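What follows is a single structure, written as structure tokens, with notes after it.
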There are 2 protein chains.
Amino acid sequence: MAKPKTRDKIINTSLALFNEQGERNVTTNHIASHLGISPGNLYYHFKNKQEIIYQIYLKYENDLQSVLVLPESRSITLTDKQHYLTAVVQCMWCYRFFHQDLEHLLVSDPILHERYKQFSRFCLQSAEAIYNALRTEGYMTASDIQLKALSNHCWITMTSWVSFLRTAVLSDNNRLTKQWIHESIFQIMAIELAFFTKKALYELKTLPELTSPSLLFEAIDAV
Amino acid sequence: MAKPKTRDKIINTSLALFNEQGERNVTTNHIASHLGISPGNLYYHFKNKQEIIYQIYLKYENDLQSVLVLPESRSITLTDKQHYLTAVVQCMWCYRFFHQDLEHLLVSDPILHERYKQFSRFCLQSAEAIYNALRTEGYMTASDIQLKALSNHCWITMTSWVSFLRTAVLSDNNRLTKQWIHESIFQIMAIELAFFTKKALYELKTLPELTSPSLLFEAIDAV
């Protein structure tokens with residue numbers, strides 16, 4: 001029983017350290033020392049840091065994949081749509097180190113890159129299927145090409161959001177918080193609304209608001 | 001006369017090598033050897049690679065800044081809007097190494113980071129001013145918040161496009177070409193169209209088409 005426990009602890013601690021300090025600044029020695037185990041014990045469970053990253057990636061992929069599913073036995077609702085956005089943002093927060101240094105991670109591991117590429121396409125097609133279902137239910141007006149573009153928009157915004165905040169928005173006094181990540185929902189919805197029908201806008205008003213634009217636009221205006 | 005010439009040659013050769021091989025894989029020795037000059041001669045002109053990158057960045061900033069200007073003595077037209085998109089894409093192509101490894105470059109140079117942050121905000125506000133002018137001329141229907149979100153959308157799409165292509169779209173057989181970068185215009189326009197008025201849609205039909213969706217959506221569909 002001790003073996004799987006240590007393995008999980010290594011994964012969880014690595015993820016926390018990567019998120020806090022950036023993957024590039026965390027070595028296997030840091031991880032072992034943080035856990036109070038010997039480097040030898042860590043290497044008993046993982047060949048190297050790359051293998052830890054790959055296992056974390058599989059968890060991220062699994063979490064995101066389980067979110068992007070259409071309801072099976074009923075029609076899609078706007079509550080589902082809000083749930084997709086908040087659940088994806090939750091994933092982006094939990095694994096925020098990943099998109100911070102993505103190209104570097106993928107160049108170092110061609111197998112991870114190939115898997116990530118397949119997964120991106122799966123996510124793009126899932127988003128498109130969700131938008132398509134919303135259109136079928138009369139919530140959206142958009143051409144097929146616009147639905148594809150909206151799916152790209154969601155994927156690019158979500159996966160680039162942390163980098164956008166860090167490079168262009170946040171000042172040294174503003175730490176990256178979950179609230180900042182949450183504002184990506186606002187960005188996506190402000191665009192989506194242009195494709196929503198009156199029926200959708202009417203129903204949306206009855207749902208709880210997901211976010212406020214304050215942080216983001218105030219920061220951008222403060223040049 | 002010899003001094004500024006060598007300086008310009010160093011900048012141009014560095015930019016070409018960074019774009020082709022990635023900034024991280026190019027040393028000052030590579031640059032000097034490519035130019036057939038001694039490392040000492042290169043160091044006579046630039047203290048280190050960081051200084052070369054900073055000078056290239058200033059050119060990028062200057063190029064982009066000169067594009068994002070509203071017409072002075074007349075109203076904005078849809079031809080202007082198309083010109084903004086093609087000119088920005090041209091910049092993104094010319095300096096494509098920059099956004100490939102942006103966080104790494106900015107972490108290495110806090111002065112560059114601060115300057116880039118100010119510049120991003122300038123670009124976001126310029127984009128917003130352009131959309132605002134288009135709305136004033138009756139080409140767009142959008143709230144102030146949507147215009148801000150559209151500006152973010154343009155900036156995030158343009159600056160993340162190369163990374164999106166490399167990590168999620170391009171296969172090993174597809175090299176990054178100017179045509180691929182050009183498809184970002186299609187992505188942006190497919191979203192923008194939802195905010196355009198009938199007057200704009202009618203006028204757009206008389207303008208030459210800027211891009212076709214073939215490459216991008218075919219690649220994404222080929223899972």
Side-chain angles (χ1 to χ4, degrees), chain A residues 22 24 99-104 106-107 110 113-114 116-125 128 141-153 155-157 159-164 166-172 186-191 193-195 213 216-217 219-223, chain B residues 22 24 99-104 106-107 110 113-114 116-125 128 141-146 148-153 155-157 159-164 166-172 186-195 213 216-217 219-223:
Chain A
R24 235 185 271 215
H99 290 287
Q100 189 188 332
D101 213 4
L102 183 64
E103 287 211 44
H104 170 68
L106 299 185
V107 164
H113 192 173
E114 196 44 45
Y116 176 76
K117 211 179 283 178
Q118 297 295 325
F119 180 61
S120 312
R121 292 171 182 195
F122 165 83
C123 291
L124 286 166
Q125 291 176 351
E128 203 186 327
T141 317
S143 67
D144 286 350
I145 279 175
Q146 283 180 314
L147 289 195
K148 280 182 194 285
L150 268 174
S151 311
N152 291 344
H153 168 63
W155 182 247
I156 293 173
T157 305
T159 58
S160 310
W161 193 249
V162 170
S163 179
F164 170 62
R166 275 191 214 269
T167 58
V169 177
L170 292 176
S171 69
D172 295 340
F186 184 80
Q187 168 65 23
I188 288 175
M189 285 191 66
I191 298 288
L193 283 181
F195 297 88
L216 177 66
F217 293 134
I220 291 172
D221 281 343
V223 179
Chain B
R24 236 185 272 215
H99 290 287
Q100 188 189 332
D101 212 4
L102 183 65
E103 287 211 45
H104 171 67
L106 300 185
V107 164
H113 192 172
E114 195 44 45
Y116 176 77
K117 210 178 284 177
Q118 297 295 324
F119 181 61
S120 313
R121 292 172 181 195
F122 164 83
C123 291
L124 287 166
Q125 290 177 349
E128 202 185 328
T141 317
S143 68
D144 287 350
I145 279 174
Q146 283 179 314
K148 280 181 194 286
L150 268 174
S151 311
N152 290 344
H153 168 62
W155 182 248
I156 293 172
T157 305
T159 57
S160 309
W161 193 250
V162 169
S163 179
F164 170 61
R166 275 191 214 268
T167 58
V169 178
L170 293 176
S171 69
D172 295 341
F186 184 80
Q187 169 65 23
I188 288 175
M189 284 191 67
I191 298 289
E192 273 179 347
L193 283 181
F195 298 88
L216 177 65
F217 294 132
I220 291 172
D221 281 343
V223 180

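Labels below follow one simple rule: chain letters A, B, ... track the order of the sequence lines, proteins then strands, and each chain is numbered from 1. This one's a predicted model, so the numbers in the text were calculated from it and none came from an experiment.
For the pair B/Phe186/A/Ile145, a side-chain contact is recorded, criterion being any heavy-atom separation below 4.5 Å from C-beta on.
Residues B/Asn152 and A/Gln187 share a closest heavy-atom pair of ND2-OE1, 3.0 Å. A/Lys117 approaches B/Leu170 most closely through the heavy-atom pair NZ-O, 2.7 Å. The two residues B/Ile156 and A/Ser160 have their closest heavy-atom pair at CG2-CB, 4.0 Å. The two atoms that bring A/Ala190 and B/Phe195 nearest to each other are O-CZ, 4.1 Å, heavy atoms only.
Take B/Ser151 and apply the side-chain hydrogen bond (donor to acceptor under 3.5 Å, both in side chains) test, not counting sequence neighbours, and it matches no residue. Remark: A/Gln100 engages A/Arg166 in a side-chain hydrogen bond (donor to acceptor under 3.5 Å, both in side chains) (not counting sequence neighbours).
Separation of atoms NE2 (B/His153) and CD1 (A/Ile188) is listed at 11.0 Å; rounding is to 0.5 Å. Here the straight-line distance linking atom CZ of A/Arg24 with atom CD of B/Glu103 works out to 9.5 Å at 0.5 Å rounding.
Interface summary for chain B: among A/Leu150, A/Thr167, A/Leu106, the most heavy-atom pairs under 4.5 angstrom belong to A/Thr167.
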